[in-house]
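Keep in mind the model is a prediction, meaning the values are calculated, not measured.
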Amino acid sequence: MDRGAIDLAHAAPAAPAVLPDLVARAVERGAAELAGHGYGPDGLPALRAAIADRFAARGLPTGPEQVVVTGGALQAIGIVVAELAGPGDRVLVEHPTYPSALDVVADAGAVAVPVSVDGADATPQTVLPRAARQTAARVAYLMADFQNPTGRLLDDDARARLVQRLARQGTVALVDETFAELDLREGATAPLPCAAHAAGPDDVVTVGGLSKIAWGGLRIGWIRAGRERAARMRRRLARAQLALPVLEQLVAVEVLERLDVLRAERVGVLRSRRDLLVAELAAALPDWRFTVPDGGLALWCDLGAHVSTALTAAAPRHGLVLAPGPRFGAGHAFTDRLRVPFTHPGPVAAEAVRRLAHTARDVAGPGRTTGADPATRAGVVV
């Protein structure tokens, strides 16, 4: 990527100011680990305990034996899909959805079944269970917390109905909580984790990680599941990876032990950046439409025309890197959509919007339909 380009393809902020201190503390703590061999396929006990404690603090009692430590949330998704779905099995995915989840399902040989959640009447708690009944899907991959890319948040009632209806169809809810800590509402009470509404320990498997609340370079994620299922997935992970990096796990312990401080810093910054981006887009591109999300990291913009792929192709000429709308779906969907993250500092965000407006003027006017080029399916989007 051009060093002068502004990256709007990745919804990932830089590390918070407190992280270097936490890294230094982890290095000090790591001295005691050097006396051992360093191989721990189950993850550091202190980290598993810290992850379990965080679930408990959010209203979901969890023991360390229910936790699988992974190399990021994406690896966690891959392990869960491989454990629960085999070649030819159907996996429901929200449409639009996290692009790499589609790749993981395909890599497992399973069949992704996109279910539209991008309309006023297409609520996940209604359409996903209906699709599960029609397709006999083994798994439903979903995000209840500030869904990527729409930013939608499900309340407790919707979560309860969703997981219980899926369970009645024999479909396991694979809930991705990557954005769960990025609630930008002031004074609001966060909903309970989806698994808190499950009738049985195997109805919901939860994945999460530290890439969004802390830093993308900290490749630590996790799985929370019933004890027996978690043990099977730890064995599956151990066959592919002898151990996770010890230092990164120690940093993760420090992050989780001070998460409230880190989160307060992160949320305050993101709230102001979101509001600034909303104002800049309204002034420079008033025809674009979006719902301002209560959390997460991005706006899901309706461009008013099928120009997303064309914008992405023209963007490098204006010093931008974009992720086209079709990357978040199947087939040629979302050619009229663009995800715009609010992760950059104010001056960078303002310049990015200025460049977006120039790019939009370069692209053919409203009414032109631009098909999704196969090249837009390449690469990793976070």
Side-chain angles (χ1 to χ4, degrees), residues 10-19 50-62 73 76 94 96-98 117 123-125 142-163 173 175-197 204 206-216 218 220-222 224 252 255-278 290-300 339-344 349 382:
H10 296 85
V18 70
L19 192 60
I51 294 168
D53 288 347
R54 185 59 187 173
F55 276 114
R58 296 173 55 217
L60 178 60
T62 301
E94 297 170 305
T97 191
Y98 172 40
V117 294
T123 62
Q125 63 268 28
L142 61 104
M143 300 182 80
D145 301 279
F146 315 112
Q147 196 256 6
N148 184 10
T150 66
R152 182 208 61 234
L153 174 67
L154 295 185
D155 61 22
D156 279 309
D157 181 63
R159 292 169 190 236
R161 285 187 286 161
L162 175 57
V163 300
V175 180
D176 185 345
E177 289 192 339
T178 301
F179 293 86
E181 301 286 0
L182 296 176
D183 191 335
L184 306 186
R185 299 173 298 167
E186 296 191 68
T189 300
L192 292 170
C194 286
H197 300 286
V204 177
T206 306
V207 301
L210 296 178
S211 62
K212 305 303 184 184
I213 189 63
W215 184 47
L218 183 58
I220 294 294
W222 53 79
R224 183 206 181 271
V255 167
L256 289 166
E257 288 181 350
R258 293 159 182 79
L259 190 60
D260 289 340
V261 174
L262 186 151
R263 185 184 173 279
E265 176 190 333
R266 177 70 91 199
V267 165
V269 169
L270 287 175
R271 187 184 295 122
S272 63
R273 291 181 180 180
R274 177 199 60 188
D275 295 346
L276 183 145
L277 179 64
V278 167
F290 48 82
T291 298
V292 179
D294 288 327
L297 292 171
L299 306 178
W300 182 235
R339 189 188 71 174
V340 183
F342 44 82
T343 52
H344 291 288
V382 297

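Here the closest heavy-atom approach between residue K212 and residue A12 is recorded as NZ-CB, 4.3 Å.
Not counting sequence neighbours, R274 has no partner by the salt bridge (charged side-chain N to carboxylate O under 4.0 Å, His left out) test. Taking the side-chain contact (heavy atoms from CB on, under 4.5 Å) definition, one finds that V261 meets it with nothing, sequence neighbours left out. Applying the side chain to side chain donor-acceptor pair (under 3.5 Å) rule to R258 yields the partners E254; only residues at least two apart in sequence or on another chain are considered. With sequence neighbours left out, the side-chain contact (heavy atoms from CB on, under 4.5 Å) criterion links V269 to R273. Residues meeting the side chain to side chain donor-acceptor pair (under 3.5 Å) test with H344, sequence neighbours left out: none. D155 is linked by a side-chain contact (heavy atoms from CB on, under 4.5 Å) to D157, A158, counting only residues two or more places apart in sequence or in another chain. Not a single side-chain contact (heavy atoms from CB on, under 4.5 Å) links A264 to another residue, sequence neighbours left out. With sequence neighbours left out, D53 forms a side chain to side chain donor-acceptor pair (under 3.5 Å) with no residue at all. Remark: R224 pairs with no residue by the salt bridge (charged side-chain N to carboxylate O under 4.0 Å, His left out) rule, at least two apart or across chains. With sequence neighbours excluded, no residue forms a side chain to side chain donor-acceptor pair (under 3.5 Å) with T97.
For residues 176-196, the side chain to side chain donor-acceptor pair (under 3.5 Å) pairs, not counting sequence neighbours, are R54-E181, R58-E177, Y141-D176, D176-T178, D183-R185. Within the structure, no pair that satisfies the side chain to side chain donor-acceptor pair (under 3.5 Å) test touches residues 261-270, not counting sequence neighbours.
In this structure, E257 contributes its side chain and A50 its backbone to no donor-acceptor pair below 3.5 Å.
Salt bridge absent: R152 and D294 never bring a charged side-chain N and a carboxylate O closer than 4.0 Å.
None of L276, L277, V278 except one satisfies the side chain to side chain contact (heavy atoms under 4.5 Å, CB included) rule with F342; the exception is L277.
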